[in-house]
Amino acid sequence: MSLTFFDRPAEIVARELLGTLVVSSVDGETTAGRVVETEAYLGYDDPASHGYRHRRNQRNAALFGPPGTWYVYLSYGIHWCANLVCEAEGKAAAVLLRALEPVEGLDVMRRRRRVAADRDLCSGPGRLCQALGITRSLDGLPMPQSPVVVVFRQADGAPLSVAETPRIGITKAAKWPLRFVIAGSPWASGKRSWVVTGP
DNA sequence: GCGCCGATTGGCT
DNA sequence: GCCAATCGGCGCC
C-alpha cells in the first residue's frame, strides 16, 4: 500500500482502511486480520487527539511524524493501541485500528490472547494489538518497512456498507461521528447502535 | 514533587 | 452494569 494513501484527511483514510488486510510478522509468526472498525482523530484541532493544540511529548512524538508512520501508545498502563499517522507531517492526525476479523494465524492469536471465543481475539484496540504482537517497538516506524503492514483491500467487488458512529471511550468531542464500522460485522468491538451511511 | 486522569479490558455483581 | 488494574504525561503546588 502506497504511503500517499495516508496523505489525506484521517476520516477518509479511516473509511478506506475498512476491508484492508493487516499482516503481522512478529517473533517469526504470521498473523493477519481484515480491518472492520476504525476511528479517526483529526490532529491538533481535535480535543480528543493526543496532539491537541500541538501538545507534543515523549509518548506522542510519532503522532507528529510523516503520514504512514505507526503511532503506538500504552493505554491505561496495560494495553497497546495502534494508529497510522495521516495527512501532513505535524498535523498529528491519525486513524486508530479498533477491530479486525481474524484471517490468518488464529492459533497464534489464541495463544497470545488466551480467550475462549474467537470473536474476542481482535475486537478492540488493545485486543488486536495483543493478538498481532503489536507493541511500542512499532512506534515511529514507517508502516511499509515495519513488521506489521497494511497490504491490500480484498477485491470482493461489492462496495462495503459502512456504519458511522460516535467515538468510543473518550470524554472530549466524543460525539463527533468519526468511528467507522463494516455494517453488521460480528467482529467489531462492543455492541452499539449504528447508523449506516454507505450503500 | 505529587496527584489525577486516560483513544481499555476482563472479571465480578 | 460496575470497577480495579497499572503506567506515563501533565497540571499544579
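Just so we're on the same page: letters track the sequence lines, and every chain starts at 1.
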Any salt bridge linking A:Arg110 with A:Asp107? Criterion: basic side-chain nitrogen under 4.0 Å from a carboxylate oxygen. no
Please report the distance, rounded to the nearest Å, between CG in A:Asn60 and C1' in C:dG9. 9 Å
Stacking here means centres under 5.5 Å and planes under 30°; does A:Tyr76 stack on C:dA5? no
Just the rounded figure in Å: distance from C1' of B:dT8 to CG of A:Leu97. 15 Å
Could you state the CG-P distance from A:Leu74 to B:dC5, rounded to the nearest angstrom? 19 Å
Please report the distance, rounded to the nearest Å, between CD1 in A:Ile78 and P in B:dG10. 10 Å
Look through every strand shown and name the nucleotide pairing with B:dA7 as Watson-Crick or G-U wobble, where both distances are under 3.5 Å. none
How close or far is atom C1' of C:dG8 from atom CG of A:Asp139, stated in whole angstroms? 13 Å
Can you check whether A:Ala14's main-chain N or O pairs, donor with acceptor, with A:Thr38's side chain at less than 3.5 Å? yes
Which residue, A:Leu96 or A:Gln130, contacts DNA chain B at a nucleotide closer to its 5' end, judged by nearest heavy atom? A:Leu96
Tell me: CG of A:Leu121 to C1' of B:dT9, nearest whole Å? 14 Å
Is the shortest distance from a Lys or Arg side-chain nitrogen in A:Arg111 or A:Glu29 to a carboxylate oxygen in the other one below 4.0 Å? yes
C1'-based separation of C:dG8 from B:dG10 [nearest Å]: 22 Å
A:Arg127 vs A:Ile170, nearer the 5' end of DNA chain B by closest nucleotide: A:Ile170
For A:Arg114 and B:dG10, give me the distance from atom CZ to atom P, rounded to whole Å. 13 Å
Does C:dT6 have a Watson-Crick or wobble mate here (both distances under 3.5 Å), and if so which one? none
Separation of C:dG8 atom P from A:His79 atom NE2, nearest Å, is 15 Å
Does the side-chain contact (heavy atoms from CB on, under 4.5 Å) test come out yes or no for A:Val162 and A:Ile182, once each step is laid out? CA-CA 5 Å; A:Val162 175; A:Ile182 294 181; 5.8 Å; no
